[in-house]
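Below is one structure, written out as structure tokens; comments come after it.
Computation of the quantities below employed the complete heavy-atom set of this structure, encompassing side-chain atoms and omitting hydrogens, waters and symmetry-equivalent molecules. Numbers restart at 1 for each chain; the letters A, B, ... are given by sequence-line order, proteins then strands.
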Number of protein chains: 2
Amino acid sequence: MQVSSLPKTPLRVVGAAPASKFEVKCSGCNLRELCLPKGLDEADLRRVECVVYTRRRVKRGEALFDAGDEFHSVYAIRSGFFKTTTIDDEGREQVTGFNMPGELLGLDGIGSGAYHANAVALEDSEVCVLPYALVESLGREMPALQRHLFSVLSREIVRDHGVMMLLGSMRAEERLATFLLNLSRRFSRRGYSPTDFHLRMTREEIGDYLGLKLETVSRLFSRFEAEGMLEVEQKHVRIVDVDALEALLRTRN
Amino acid sequence: MQVSSLPKTPLRVVGAAPASKFEVKCSGCNLRELCLPKGLDEADLRRVECVVYTRRRVKRGEALFDAGDEFHSVYAIRSGFFKTTTIDDEGREQVTGFNMPGELLGLDGIGSGAYHANAVALEDSEVCVLPYALVESLGREMPALQRHLFSVLSREIVRDHGVMMLLGSMRAEERLATFLLNLSRRFSRRGYSPTDFHLRMTREEIGDYLGLKLETVSRLFSRFEAEGMLEVEQKHVRIVDVDALEALLRTRN
DNA sequence: CGGGGATTTGACACATATCAAGAGCGGTGG
DNA sequence: CCACCGCTCTTGATATGTGTCAAATCCCCG
């Protein structure tokens, strides 16, 4: 079985400097279109690169930041995979999102000066550090950048509303189907197979995201496989019948 | 029984011009601290007032905007009460929020140029219209305003994560308790009784927000009343025992 | 190569949904 | 001012989806 999934660190710059210091070249980054506005010229890019002057590596299982940490930077994922979670006073844990290269982390900290979520790497990862004070002031000088930031925040709100829809109005199988189709689309956009990928999170983490128990998630995987929609082998998933998955969502019971 | 609830239009400027044209004076608005950054001087306020040059009235049941409408403005609620909802392709309806004076509507449209949600007035309401292009450019000249907007967007994300927590990890009674305590706090902040208020939404709308069926919501109200935590009379709610409500949330089963 | 976490699966419990009926309330028009 | 109508709400009986508990297997990581 041929499985194409994200390599551990597919986007690392070859010959980059040692861990504590990296060459940062947004201009040559193939994720540029995901974390920067379109149509920046060379001069703009150089100014952005002055803001993005460090990278940071986060090992699998480590936190990029924790809820309550003082907010100072937003992070652009360069390689790897993250989950963000919030834990309330009573210990309930909710996974608020899974994040892949080109996406931003830490936006939840802007409003209060402290991060509200934990961001944990699900595999060895690398992020670009964007000191927020610099981003903000650069935004004032570069309208396109400012507009882009507002846009990213707004789209995050729209995404969250989608998750609210999922959690509030969908049945378990619809939630998992939505989740898989969403992953598929995002992998696809990044040049990876939309039908064949590696889940970086556990069944429990999927459950904590979808509002389900891990046993339910496991059963659903088994059922989807039995019904010929998926091939599941541990964390490798192959979507065999996209149409059937999508049809699941259309079935208004 | 004495019930203090929001009057129909508590904040209307006495002697305001007719519906199509209002005096707009942010400087005299007692909601200023809710929708504007602190510490603006007189000159700044006048500039803001140039942007907020119209108001709009929305009757109970009418939509301020619908999903798919072209995005051009953000709205600050001056009086009244709104719900925002999203409907997916299959007709599932999710209430994404209830909004009261001082809160902003339409932020979800910034990212894509079209609103993603419907905003419907739950009682006769009035909003300040903030043309987004003007807000954006004024933000570049007034850092405090720009920072405030980012802050509002970020806090909306945090709020949404709270709702995800509610929908994904709480049981029905915890959801309703959380909802009531949240309303209580927001009424309180606006100078109204935190224990005694009028629900402007139906049981069904509460259910569509909390991911529950209207019957479940109704039963919960009855039970909370039977247990001496609430007094419920139609849409009037009186919180008799806040501690008990909060204790409900602490009960990790 | 060993061990502990992750996954699967089964049996059963329970919270919430569904279906149904009736009551209450508010608005409208005669 | 009263009666009617429609919508909202309440409550009961029952169904069902998902959670809980438990045990066995798997397999990945150190």
Side-chain angles (χ1 to χ4, degrees), chain A residues 3 5 8 59-62 83 92-95 120-124 166-177 179 198-227 230-237 248 251-253, chain B residues 3 8 59-61 83 92-95 122-124 166-177 179 198-227 230-237 248 251-253:
Chain A
V3 175
S5 61
K8 286 287 182 191
K59 286 222 195 72
R60 173 197 171 105
E62 282 180 1
K83 69 168 177 179
R92 278 176 279 253
E93 175 161 353
Q94 177 69 31
V95 172
V120 176
L122 295 183
E123 63 181 31
D124 293 352
L166 179 150
L167 291 170
S169 339
M170 290 186 186
R171 292 175 311 110
E173 56 176 26
E174 298 172 320
R175 296 184 200 183
L176 187 62
F179 171 68
H198 183 86
L199 298 173
R200 268 143 266 254
M201 67 296 282
T202 66
R203 303 288 190 260
E204 182 169 27
E205 287 165 334
I206 296 174
D208 286 347
Y209 177 62
L210 298 179
L212 302 169
K213 289 296 160 184
L214 68 96
E215 294 95 328
T216 303
V217 174
S218 176
R219 275 185 243 273
L220 286 170
F221 272 121
S222 302
R223 209 176 89 209
F224 284 2
E225 186 163 32
E227 290 171 357
L230 297 182
E231 282 172 17
V232 184
E233 195 175 326
Q234 292 300 119
K235 297 198 162 155
H236 284 85
V237 170
L248 240 181
T251 312
R252 297 305 304 130
N253 73 335
Chain B
V3 175
K8 286 287 180 193
K59 286 222 196 74
R60 173 196 170 105
K83 70 167 177 180
R92 277 175 280 252
E93 175 161 353
Q94 176 69 32
V95 171
L122 295 183
E123 62 181 31
D124 293 354
L166 179 149
L167 291 170
S169 341
M170 290 187 186
R171 291 173 313 107
E173 56 176 26
E174 298 172 321
R175 296 184 200 184
L176 187 62
F179 171 69
H198 183 86
L199 299 173
R200 268 144 266 252
M201 68 296 284
T202 66
R203 303 287 190 261
E204 183 169 26
E205 288 165 333
I206 296 174
D208 285 346
Y209 178 63
L210 298 179
L212 302 169
K213 291 294 160 187
L214 69 95
E215 295 95 329
T216 303
V217 174
S218 176
R219 274 185 242 273
L220 285 170
F221 272 121
S222 302
R223 209 176 88 210
F224 284 2
E225 185 164 33
E227 289 171 356
L230 298 182
E231 282 172 18
V232 184
E233 194 174 327
Q234 291 299 118
K235 296 197 163 156
H236 283 86
V237 170
L248 239 182
T251 310
R252 297 306 302 129
N253 72 335

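- Counting any heavy atom pair closer than 4.0 Å across all strands shown, B:S218 reaches a base atom.
- Side-chain atoms of B:L230 and B:V237, non-hydrogen and from C-beta on, do get closer than 4.5 Å to each other.
- Distance from the side chain of B:T202 is smallest to D:dT8 among C:dA6, C:dT8, D:dT8.
- Rounded to whole Å, atom C1' of D:dT8 lies 13 Å from atom CG of B:L199.
- Listed for the A:Q94 side chain is a donor-acceptor partner under 3.5 Å among the backbone atoms of A:D208.
- Contact check on A:E215 versus A:K213 returns no salt bridge, with no Lys/Arg side-chain nitrogen under 4.0 Å from an Asp/Glu carboxylate oxygen.
- Atom P of nucleotide C:dT16 and atom CE of B:M170 are separated by 13 Å, given to the nearest angstrom.
- Residue-level contact check: A:E215 touches the bases, meaning some heavy atom is under 4.0 Å from a base atom.
- Between A:D208 atom CG and C:dA6 atom P there is a gap of 12 Å when expressed in whole angstrom units.
- For the pair B:R92 (side chain) and A:S169 (backbone), a donor-acceptor distance under 3.5 Å is absent.
- Taking atom NZ of A:K213 as the reference point, atom P of C:dT7 lies 15 Å away to the nearest angstrom.
- The shortest distance between the side-chain N/O atoms of B:T216 and the OP1/OP2 oxygens of C:dA17 is below 4.0 Å.
- The nearest whole Å value for the distance from the CG atom in A:L212 to the P atom in C:dA15 is 18 Å.
- Counting non-hydrogen atoms under 4.0 angstrom, A:L214 reaches a base of the nucleic acid.
- In this structure, the nucleotide among C:dA17, D:dC26, D:dC9 sitting nearest to the side chain of A:Q234 is D:dC26.
- Computed from coordinates, the B:E174 CD to C:dA15 P distance equals 12 Å when rounded to whole Å.
- Rounding to whole angstrom units, NZ of residue B:K59 and C1' of C:dG27 are separated by 16 Å.
- In terms of phosphate contacts, B:S222 brings no side-chain nitrogen or oxygen within less than 4.0 Å of OP1 or OP2 of D:dT10.
- Contact of A:R219 with D:dG19 (side chain to base): no donor-acceptor pair of N or O atoms is detected under 3.5 Å.
- Of the candidates C:dA17, D:dT18, C:dT8, C:dT8 carries the atom nearest the A:R203 side chain, counting heavy atoms from C-beta on.
- Among the heavy atoms of the strands lying under 4.0 Å from A:G211 are primed sugar atoms or P, OP1, OP2 only; no base atom is included.
- Of the options A:R200, A:K59, A:H198, a side-chain hydrogen bond (donor to acceptor under 3.5 Å, both in side chains) to A:E123 is made by A:R200 and by none of the others.
- Going from atom CD of A:E225 over to atom P of C:dT7 covers 14 Å, rounded to whole Å.
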